[in-house]
Amino acid sequence: MPLRGRSALRRIAARGTAMAAGGAMAVITGLAAAPAVHASPSATGALRWTPCDDPEKPGAECAALSVPVDWAQPDGPRLDLAVARRKATDPGARVGSMVFGPGGPGDSGVTMVVGRISRFSPEVRRRFDIVSFDPRGVGGSNPVTCSSDLLAERPSPELKSQADFDATMAYNRRLRADCRARTGPVFDHLDTAQTVRDVDALRAALGERKLTFHGSSYGTLLGAQYAETYPRRVRAMVLESVMDHSVPTTRDFLKAEAATAEDSFQEFVKWCAGSAGCALHGRDVSAVWQGLLARAGRGELEDPTKPGTSLSSSDLVNKIAFRKFYTADYAGLATTIAGMDASKPLPLSPTSIAPLPPATPVFCSDWHLPVRDYQEYASLVAMMNRTAPDLPYLLPIHMAAACLGAPTANPQHRLDAHGAPPILVSNALHDAATGYPWAVSVARQLGRSGVLLTYEGHGHGSVTSGPCMEDAVDSYLTDLAVPPRGTSCPAVPS
């Protein structure tokens, strides 16, 4: 699998080499073909910027970039990628454009630029045009569209028998066929190796000889594979909250995800024991939580976001706890748990599992996570429950169930980015979604190019977590000043 994955990535990059070497064909707002855009700072006419349609958040500009549906057939059908930018606030100090790779998969980079620009440091906003895009299949870029009725029928990932396993496989086939019919040809070309080519076309359209890139969470997979495909086209790259695409097996992937989530739960318990501001201070937090899980399993626990409806144990884990771990909002989680613990039991059955986002096909295209049958599935669930006894049926097992039977275009492989410049790999020690060991692994795979920057705190995302982290990242992006290897920054009190 590793060799197959790497060679597939190289083949996609190799086909249509004339376009890749000279830039990419672009269409001005999708209306008419423009001349080939060469990888030159003087490139013009590739993007027609107009104010984004959000009067409450002015200043952002939007455009469309035409790219092939399948980069292996550059003269075939095309789609328009939605792109947004905010210009550098200090034009005299401008370094260039910085492309942000959104997470998810399924996050909108356009929404980030238009509405959440404060996510980036003041210095980065001052020195760079910040540019992002909706990846293919997302938002304004030919979004994956599926029947809402069919999505609502999604089986619970809590499979109890081979019959449940077979029913899930059959449902997945029906859903893929429905989504493909509603979405169009791009449905079969959503993998990150295709998006790598999209990013290089965006780089060329922006007139940047080399790419300055910041990828977060799932966007780190995009950044790492860009560096692998075009190592000498990278100027600077920050990979924040890092996905490790070298994890070889389904069991390894699920165990790693369970371990890092349980670590965050134990950090929460530890914080609560030592903080008088915790709404559960002085109580056995684990026992209170297990009581809530039991009540949720019986359909007796009210959903705090939907009064009058019950909350399943899976939603208690993923909608309540896991989301709070992302932002390390331990105080908010403790208050929520205390309120739910004090509420009266509901005489209702658990609500059905909410549908996964349509961006799931992106994940399935990038991760080969086969499960042979119900027996193997049950073994994986048992392993995850041993690894994370406080967090049953974490989202990754939902994803594995949703990908049963799906084809994988861009399977896992070890990185080979020989020739890339220093790449900054940033991760919190206690990240519930992308564990610190993954960041260590990716930095090692990058070899001499990998520079690990450690945030000694909590949460998903770290580059603006205090002045130490912010200064290190800003200096690297603006001046290419690489922090010393082994650099770590202290946790910032929440």
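Both backbone and side-chain heavy atoms feed into the values below; hydrogens, waters and symmetry mates do not. All residue numbers refer to positions in the sequence shown, counting from 1.
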### Task
Could you tell me whether R85 and E61 have a side-chain N and a carboxylate O separated by less than 4.0 Å?
yes
### Query
Is the shortest distance from a Lys or Arg side-chain nitrogen in K87 or D129 to a carboxylate oxygen in the other one below 4.0 Å?
no
### Query
Is a side-chain donor or acceptor of N142 paired with a backbone partner of R136 at a separation under 3.5 angstrom?
no
### Message
For the CG atom of L424 and the CG atom of L239, what is their distance to the nearest 0.5 Å?
### Response
8.0 Å
### Message
For the backbone of E470 and the side chain of T464, can you confirm whether one donor and one acceptor N or O come within less than 3.5 Å of each other?
### Response
no
### Query
Is there a donor in the side chain of N410 and an acceptor in the side chain of S365, or the other way round, less than 3.5 Å apart?
no
### Query
Would you say the side-chain atoms of N318 pair up with the backbone N or O of L394, donor to acceptor, closer than 3.5 Å?
no
### Task
Please find out if less than 6.0 Å separates the ring center of F100 from that of F133.
no
### Task
Examine the side chains of H413 and E228 and answer whether a donor and an acceptor come within less than 3.5 Å of each other.
yes
#### Entry: Candidates S465, S462, S216, S241 - the one meeting side-chain hydrogen bond (donor to acceptor under 3.5 Å, both in side chains) with S426
S462
### Query
According to the interplanar angle, ranging from 0 to 90°, do the rings of F325 and F265 count as parallel (below 30°), tilted (30 to 60°) or perpendicular (above 60°)?
perpendicular
### Donor-acceptor contact below 3.5 Å, side chain T250 vs main chain P370
yes
### Query
What about H458 and Y330, are their ring centers closer than 6.0 Å?
yes
### Query
Taking atom types as modelled, is there a side-chain donor on T454 or Y436 under 3.5 Å from an acceptor on the other?
yes
### Task
Check whether the side chains of D431 and Y326 place a donor and an acceptor atom closer than 3.5 Å, and report yes or no.
no
#### Entry: F128 vs S97 side-chain heavy atoms within contact, under 4.5 Å
no
### Task
Please determine if D200 and R233 form a salt bridge, counting it only when a charged side-chain N lies under 4.0 Å from a carboxylate O.
yes
### Message
I'd like to check V451 versus V425 (side-chain heavy atoms, cut-off strictly below 4.5 Å). Are they in contact?
### Response
no
### Query
Are any of the side-chain nitrogens in E208 or R235 under 4.0 Å away from the carboxylate oxygens of its partner?
no
### Task
Tell me yes or no: between the side chains of S246 and Q445, is some donor less than 3.5 Å from an acceptor?
yes
### Message
Quick one: does any side-chain atom of R78 pair with a main-chain N or O of V69 as donor and acceptor, under 3.5 Å?
### Response
no
### Task
Going by the side-chain hydrogen bond (donor to acceptor under 3.5 Å, both in side chains) test, name the single residue among R203, K210, Q225, R197 that passes it with Y230.
R197
### Task
Look at R127 together with D90 and state whether they make a salt bridge at an N to O cut-off of under 4.0 Å.
no
### Query
With a 3.5 Å cut-off and no angle check, do the side chains of Q194 and D70 form a donor-acceptor pair?
yes
### Query
Would you say T195's side chain and D198's backbone share a donor-acceptor pair under 3.5 angstrom?
no
### Task
Please check if the side chain of H398 supplies one atom and the backbone of Y393 the other of a donor-acceptor pair under 3.5 Å.
yes
### Query
Can the ring centroids of H245 and W367 be said to lie less than 6.0 angstrom from one another?
yes
### Query
Would you find more than 12 non-hydrogen atoms of other residues, nucleotides or ligands less than 6.0 Å from R94 atom CZ?
yes
### Task
Apply the test side-chain contact (heavy atoms from CB on, under 4.5 Å) to residues F268 and I337: give CA-CA distance (whole Å), side-chain angles for both, the deciding distance (0.1 Å), then the verdict.
CA-CA 12 Å; F268 164 64; I337 290 174; 3.9 Å; yes
### Message
Can you tell me how far apart CG (L453) and CG (N427) are? Round to the nearest 0.5 Å.
### Response
10.0 Å
### Task
Starting from the C-alpha separation in whole Å, work towards a yes-or-no answer on side-chain contact (heavy atoms from CB on, under 4.5 Å) for F120 and V463.
CA-CA 9 Å; F120 306 98; V463 299; over 6 Å; no
### Task
Spell out, as yes or no, whether a donor-acceptor pair under 3.5 Å connects the side chain of Y455 to the backbone of G466.
no
### Query
Under a 4.5 Å cut-off applied to non-hydrogen side-chain atoms, are P102 and S132 in contact?
yes
#### Entry: Whether S449 side chain and A420 backbone form a donor-acceptor pair below 3.5 Å
yes
### Query
Under 3.5 Å, is there a donor-acceptor pair between the T168 and R154 side chains?
no
### Query
What do the steps show when you test Q412 against H368 for side chain to side chain donor-acceptor pair (under 3.5 Å), and what is the final call?
CA-CA 7 Å; Q412 301 95 295; H368 182 61; 6.0 Å; no
### Task
Run the salt-bridge test on K319 and D303 with the 4.0 Å N-O cut-off and return the result as yes or no.
yes
### Query
Just by modelled atom types, is the C146 backbone N or O under 3.5 Å from a matching donor or acceptor in the D178 side chain?
no
